[in-house]
Amino acid sequence: MIMNPTISEQEAIRREALEQLRSLGIDPYPAETYEVNATAKQILDQFPADNSLYQDVRIAGRIMGRRIMGNASFAELQDESGRIQLYFNRDEICLGEDKTMYNTVFKRLLDIGDIIGVRGFVFITKMGETTIHVKEFKILCKSLRPLPIVKEKDGKVYDAFTDPEQRYRQRHLDLIVNPEVRDVFRRRAKLIQSMRAFLLDKDYLEVETPVLQPIYGGAAAKPFKTYHNKLDTTLYLRIANELYLKRLIVGGYEGVFEFAKDFRNEGMSRFHNPEFTQLELYVAYKDYEWIMGLVEEMVEKIVFDLHGTTSIPVDGQTISFKRPWKRYSMYGAIEHFTGTDISGMDEEGIRNFARENGVETDDTMGRGKLIDEIFGEKCEPNLIQPTFITDYPIEMSPLAKKHRSKPGLVERFETICNGKEICNAFSELNDPIDQRARFEEQLELGRRGDPEAMVLDEDFLRAIETGMPPTAGLGVGIDRLAMILTNKRSIQDVLFFPQMRPEKTSAAVATGNVFGQTGIPEDWAGLLARAGYNDLKALKEANPNKVFNQLCGLRKKLKLEIPAPGLEEVKGWIDQIDIK
RNA sequence: GACUUGGUAGCUCAGCUGGUAGAGCACGUCCCUUUUAAGGAUGGGGUCCUGGGUUCGAGUCCCAGCCAGGUCACCA
């Protein structure tokens, strides 16, 4: 019998079990601490070597599988460290005549997905598997929803839970049944820890700066817009934190960094999530040459910390992070991959070159943007091994210092790896007059229609006018780096909760009581929700003939005993609905 | 945004030229004291993504939409 039309039979059975547990005096959600003295992994690692260990072990976790055979049973318990087998014997779980704890509680009221604590001793079965012989168990949490069942034998996985939509929307399930996913995020965490340790070791200060910014800046991107009621002003979610960190350098700190969530209101793809994490680092009295050395050293160390080697497999290729990395100037890279030196061409010349090479252009693009398009199209995808691209055109780098010797260029580099940008750095522009002029050029680009041109930040200029020491700045795309270091092809696989379109709200939100005051019989009120009418308004606007047909259809489908309503009766219900 | 593939039971998936919705696992019941992706027997479980259309009849064909994946575009 279906008690509630919106839950499945299996869920109904679990709710029934919940009530039965309570009626046996067992709290399915106990409050007190459950003391544990081992993990699955510790036992599996140490027990065969030393049989005296773990003779009074307490462990807790989720039941992932059960094999019940009469008076003896096996179950699989999963804790954070892994899985271990449990052995239950009826007469040891239940010492006296009352066999309820085994026959009823364990065999009938427990399910895959429930969380229990067990106490017992470790032994090895005839089949040779290290197992906990359970003397007592305690229910710590009853699970009301069935879990995807994934089975595995000799490395072969059966019924794998692989649908990306379900994995991302219900990440908890993904983490429970796909242990390698838990490892990916451990490695991501280790990457950040390793990077932080490296930077702290150099005595740089880890700081926090505003996410809500009155003027967005520090990058070329479209922002998310929000609104502060009390201030009656528009605020933007940051697209970068660069301009704030530089103010801290002005203030006298000589090395500051932040692991920053940034937000960009742009398209989504396997390389782009609307919110993403960047490390930004600023060090006074240094230049971009120096930062290149730091990036090589830092990334090489991180890769080694995670993998114990500097060469790792990525997308079917091997990438080596061993220093030194290859370096090209931007013009050099374009010449290398297209055979043409475009460094001397003017805007029109470059535009023509781009067209001839099949690179899309439009009239809002200035010289710098054109060069960047050519690079992105012709060079970037070919750069698999970590490579520094240096000396960018001035037009596309309004926050970078003019090159010390090459006119028209700035002291900037990006690190490209596996065909994607992972770092961006420059000798920071600290000439306030030049900085103001660059912002004004950006305003001009904006007037030409570039939606990503930067806006002029008067507060930032005021700080720079106070005087910022020569400074090197660096941004590292943490998600992109995590993809490479975990060998994942999409950013969604290195973010716990990637952005998804909202799921359509289902009829599940409605229950019979929505229609409780309307005189509609309770039996039918529940079915109205199932027919897709979630509120009185929806029902009021519906065609009574259609509602009538739907109810009769459901009655037949669900084999309900109640008599079918008449058409006039259904019309009556709808007529008397009064929407205020 | 364009193209393309998909959406069927809790999960993984079949379902032919349109004709009573299927399998394995999971779940229920019964039997079974050491099993290991799978013990035996048996039973229940469906808004075939949504809404229209064609048809005597639509999971299947047509149209529109929603959600997801892939490729491309966008993303300095």
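A quick note: this is a predicted structure, and the numbers were derived from the prediction, not measured.
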Find the distance A:Met64:CE to B:A37:C1' and express it as a whole number of Å. 13 Å

What's the CG-C1' distance between A:Leu77 and B:U36, to the nearest Å? 16 Å

The contact string for nucleotides 7-12 of chain B, one letter per nucleotide 5' to 3', using protein heavy atoms under 4.0 Å with B, S and - for base, sugar-phosphate only and none, comes out as ---BSS

Which one is paired to B:A9, where only Watson-Crick or G-U wobble pairs with both distances under 3.5 angstrom count? none

Output yes when a side-chain donor or acceptor of A:Asp79 lies under 3.5 Å from a complementary backbone atom of A:Gly82, and no otherwise. yes

Please check if the side chain of A:Asn89 supplies one atom and the backbone of A:Asp91 the other of a donor-acceptor pair under 3.5 Å. yes

Can the positive tip of A:Arg66 be found less than 6.0 Å from the middle of the six-membered ring of A:Phe106, inside 45° of the ring normal? yes

Need one value for [X]: base, sugar-phosphate or nothing, where a base atom within 4.0 Å counts as base even if backbone is also close, heavy atoms only.
X	answer
A:Arg264	sugar-phosphate
A:Arg167	nothing
A:Gln85	base
A:Glu129	base
A:Tyr102	nothing

Counting only side-chain N and O atoms of [X], is one of them less than 4.0 Å from OP1 or OP2 of [N]?
X	N	result
A:Arg270	B:U71	yes
A:Lys126	B:U34	no
A:Arg66	B:A38	no
A:Arg108	B:G28	no
A:Arg90	B:U33	no
A:Arg501	B:A68	yes

Closest approach of A:Ser427 to A:Glu411 (non-hydrogen atoms, all atoms of both residues): OG-OE1, 2.8 Å

Within a radius of less than 6.0 Å around CZ of A:Arg145, do more than 12 heavy atoms belonging to other residues, nucleotides or ligands occur? no

Distance between the C1' atoms of B:C13 and B:A21, in whole angstroms? 14 Å

What do you reckon, are the aromatic ring centroids of A:Phe426 and A:Tyr392 less than 6.0 Å apart? no

When you get a sec, tell me which of B:A37, B:A68, B:U34 is the closest nucleotide to the side chain of A:Tyr158? B:A37

